[in-house]
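Per chain, numbering begins at 1; letters A, B, ... match sequence-line order.
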Amino acid sequence: MHEVAPDLIGATLLVNGVGGVIVEVEAYHHTDPAAHSFRGPTLRNQVMFGPPGYTYVYRSYGIHWCINFVCEKAGSASAVLIRALEPTHGIAAMRRRRKLHDERSLCSGPGKVTQALGITHAHNALALDAPPMALYARASKPEIAAGVRVGITKAIELPWRYGLKGSRFLSKPF
DNA sequence: TAGGCGATGGTCT
DNA sequence: GACCATCGCCTAC
């Protein structure tokens with residue numbers, strides 16, 4: 001997982017042709033008290049205990065949706081939270097959904113990403129390589145920044161947040 | 001420009 | 001009944 005997470009930085013994520021380049025992610029797995037999978041499988045998180053390459057979508061604070069990629073081998077219950085994108089595809093559609101003109105704020109946070117891409121619980125447990133999802137590997141290796149994760153109350157010291165160094169589209173600087 | 005806080009609902013204890 | 005991997009508005013400086 002700690003190889004997958006930084007490798008996702010620079011990859012392109014599209015949902016129905018709308019999306020952009022991933023510039024910020026966080027890693028979680030089942031030995032990590034901050035992870036949803038820490039207490040074992042439940043109705044909500046069961047997709048994380050399945051095979052890699054699938055989406056895990058959950059509701060955050062009763063208001064927002066957040067999207068994760070399940071990774072590593074089946075049963076390890078690790079996932080990578082997509083926190084920010086650099087918008088490149090379907091910017092007009094994202095602006096419409098976000099009711100926003102500032103391109104920099106379109107996808108600079110996990111709740112914003114799902115709103116801009118139109119992701120809801122209907123997108124839970126979907127394969128990343130089949131419509132409406134699409135994930136494209138980056139062309140070259142970018143400079144990666146690492147830091148502590150954002151917005152959690154447990155295991156806050158683990159430096160499992162990864163980002164594209166110097167990007168203008170991060171949820172917050174490293 | 002930075003920090004406080006209310007909204008809001010699924011999930012787990 | 002409490003917790004929470006957030007956002008955006010409001011205020012104070």
If the cut-off is 4.0 Å, is K154(A) near the phosphate of dC4(C), judged by side-chain N/O to OP1 or OP2?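 For K154(A), the contact criterion (side-chain N or O under 4.0 Å from OP1 or OP2 of dC4(C)) is met.
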Using a cut-off of less than 4.0 Å, is there contact between a side-chain N or O of S60(A) and OP1 or OP2 of dC4(C)?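 Answer is no, no contact under 4.0 Å.
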R98(A) vs T153(A), nearer the 5' end of DNA chain C by closest nucleotide: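 Comparing both residues, the 5'-ward one is T153(A).
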Length of the line joining [X]:[atom1] and [N]:[atom2], which is rounded to integer Å:
X	N	atom1	atom2	result
D32(A)	dC4(C)	CG	P	13 Å
Y58(A)	dG10(B)	OH	C1'	12 Å
F38(A)	dC3(C)	CZ	C1'	16 Å
R104(A)	dC7(C)	CZ	P	16 Å
K172(A)	dA5(C)	NZ	C1'	12 Å
H121(A)	dT8(B)	NE2	P	18 Å
W65(A)	dT6(C)	CH2	C1'	14 Å
L81(A)	dC7(C)	CG	P	10 Å

Closer than 4.0 angstrom, basic N to acidic O: yes or no for R138(A) and D7(A)?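 Salt bridge: yes.
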With a 4.0 Å cut-off, would you call R149(A) and E26(A) a salt bridge?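 No, R149(A) and E26(A) are not salt-bridged.
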Answer with yes or no whether the side chains of E86(A) and S167(A) bring together a donor and an acceptor at under 3.5 Å.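 There is no such pair (donor and acceptor under 3.5 Å, judged by atom type) between the side chains of S167(A) and E86(A).
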Is it true that the side chains of R98(A) and Q115(A) contain a donor and an acceptor less than 3.5 Å apart?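 There is such a pair between these side chains.
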Aromatic ring of Y61(A) stacked on base six-ring of dC4(C), 5.5 Å, 30°: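 Check passed, Y61(A) stacks on base of dC4(C).
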Determine, using the 4.5 Å side-chain heavy-atom cutoff (strictly less than), whether V150(A) and W160(A) are members of one ILVMFWY cluster.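 Not linked; separate clusters.
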Counting only side-chain heavy atoms from C-beta out, which of [options] sits nearest to [X]?
X	options	result
H64(A)	dG8(C), dC12(B), dT6(C)	dT6(C)
K112(A)	dT8(B), dC7(C), dA5(C)	dC7(C)
Q115(A)	dG8(C), dT8(B), dG10(B)	dG8(C)
R59(A)	dG10(B), dT6(C), dG8(C)	dG10(B)

Looking for any heavy atom pair under 4.0 Å, which part of the strands does S171(A) touch: base, sugar-phosphate only, or nothing?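 Nothing, no heavy atom under 4.0 Å.
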Please work out if R149(A) contacts a base, only the sugar-phosphate, or nothing of the nucleic acid, heavy-atom cut-off 4.0 Å.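 Result for R149(A) = nothing.
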Cation-pi check for F174(A) against R161(A): NZ or CZ below 6.0 Å from the six-membered ring centre and within 45 degrees of the axis, yes or no?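 Yes, R161(A) and F174(A) form such a contact.
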Test the R44(A)-Y56(A) pair against the cation-pi criterion, namely NZ or CZ under 6.0 angstrom from the six-membered ring centroid and within 45° of the ring axis.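 No.
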Can you list the steps and then say if Y28(A) with H36(A) is a ring pair (Phe, Tyr, Trp, His ring centres under 6.0 Å)? CA-CA 8 Å; Y28(A) 292 87; H36(A) 289 173; 7.6 Å; no
Defining pairs by Watson-Crick or G-U wobble geometry with both distances under 3.5 Å, how would you list the stems of DNA chain B with at least three pairs each?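 For DNA chain B the paired stretches long enough to count as stems (3 pairs minimum) are B:1-7 with C:6-12, B:9-12 with C:1-4.
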